[in-house]
Amino acid sequence: MIPRRTSPANPFRFLLLLPLALVIVVWGAGPALATGYRYWSFWEQDGGRGDGRDGGSAWTYATQGPSTARPSDGDVQGLRFAVSRDADDAAEPRGAADFASICAKTPPSEGRKRVALVIDFGTAADAPSGETPPEPRTACALVPEDATTAEALAAVAKPLRYDTNALLCAIADYPEKGCGDPVPDTGADSGAGTGAGTGASASDEGSQASGAEDGSSGGPSLGLYAGAGVVVLLGAAAVWQARRRRG
């Protein structure tokens, strides 16, 4: 009888599953990654002169940065320092924001424009470690007609700090360090955004930002350990299969 020939199984076929295992590892590590950023968000008022309440003007997340936006005379613009994931989650500036009140003591000037600014330094929960946010403030900037929002800010809230990509990092030297720093999700409800948290209701955010500075990211996730285990098992299976075929 002619023995039936069998082609040895290719032990390396198990290695083809390693990329899938690596995907599992990366996916499993996802929850430990940063989900928010600590930065200055930029806002404009829809209508410019309302207070955002009782049918008045409301804050709208700006579509361009302070260094390129050119407000008109009578505009109201706001900036808020907070931790947020994206524009939908961002916290609005708090406090009264009507042009008439902010610029009441700044008369019009020929060849110049008045821009009302609401500067909200945020809450202690969103502050970098070791820093205390100043109280929110308003200011009326009297600047040339072609001035940008950044130039209006520089006229009333020096010093400003930018990074190499022209991202606004600090207003009135707050914060002293950092710029758009990632903040890991601690599992706490931040309350940020335009809902019941710091949006239109102007209440404080939660403490989700606190873990960024002290390095408490919650450690490796269960998915990370599971994915690593799959990689080890696949490698062991490949070695076992190779030895079995040789025997």
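The figures here come from the full heavy-atom set of this structure, side chains too, leaving out hydrogens, waters and symmetry mates.
For the side-chain hydrogen bond (donor to acceptor under 3.5 Å, both in side chains) test, no residue two or more places apart in sequence or in another chain qualifies with T60. Remark: S101 engages D98 in a side-chain hydrogen bond (donor to acceptor under 3.5 Å, both in side chains) (not counting sequence neighbours). The ring pair (Phe, Tyr, Trp, His ring centres under 6.0 Å) check on Y61 picks up W43, with sequence neighbours excluded. Partners of D86 by side-chain contact (heavy atoms from CB on, under 4.5 Å), not counting sequence neighbours, listed by chain and number: D88, D89. Residues passing the side-chain hydrogen bond (donor to acceptor under 3.5 Å, both in side chains) test with E131, sequence neighbours excluded: none.
Interatomic distance, CZ of F121 versus CG of D126, reported as 14.5 Å (0.5 Å rounding). Atoms CG and CD, from D75 and Q45 in turn, are 9.5 Å apart once rounded to the nearest 0.5 Å. Taking CD of E44 as the start and CD of Q64 as the end, the distance is 6.5 Å to the nearest 0.5 Å. The structure places CZ of R137 at 11.0 Å from CG of L117, a figure rounded to the nearest 0.5 Å.
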**Message:** Working note: V118 + E92, criterion side-chain contact (heavy atoms from CB on, under 4.5 Å); need CA distance, chi angles, decisive distance, verdict.
**Reply:** CA-CA 10 Å; V118 179; E92 299 176 358; over 6 Å; no
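Residues in residues 64-131 take part in these disulfide (SG to SG under 2.5 Å) pairs, two or more places apart or across chains: C103-C140.
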Identify every side-chain donor-acceptor pair in residues 142-157 under 3.5 Å, counting partners at least two apart or on other chains, and give the distances.
unit_1: T148; atom_1: OG1; unit_2: A150; atom_2: N; d: 3.4
unit_1: T148; atom_1: OG1; unit_2: E151; atom_2: N; d: 3.2
unit_1: T149; atom_1: OG1; unit_2: Q77; atom_2: OE1; d: 2.5
unit_1: E151; atom_1: OE1; unit_2: T148; atom_2: N; d: 2.7

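Between I171 and L160 the shortest side-chain heavy-atom distance falls below 4.5 Å. Counting heavy atoms from C-beta outward, R114 and P108 have side chains that approach closer than 4.5 Å. Considering only heavy atoms from C-beta on, C179 stays 4.5 Å or farther from Y162 through its side chain. At least one side-chain heavy atom of V76 sits under 4.5 Å from a side-chain heavy atom of W59.
Heavy atoms only, all atoms of each residue included: A90 and Y39 are closest at CB-OH, 4.2 Å. Of all non-hydrogen atoms in L79 and P66, the two that sit nearest each other are CD2-CG, 4.3 Å. Scanning both residues, Y174 and P128, for their nearest heavy atoms gives OH-CD, 3.7 Å. What you find for P136 and R94 is that their closest heavy atoms are CG-NH2, 3.8 Å. Nearest approach of P133 to A124, heavy atoms of both residues: CG-N, 3.8 Å. Between P182 and Y37, the shortest heavy-atom contact is CA-CD2, 3.6 Å.
Ring orientation note: the planes of W40 and F81 are tilted relative to one another, at an angle of 30° to 60°.
We find that R80 and D120 are joined by a salt bridge, their nearest charged nitrogen and carboxylate oxygen being less than 4.0 Å apart.
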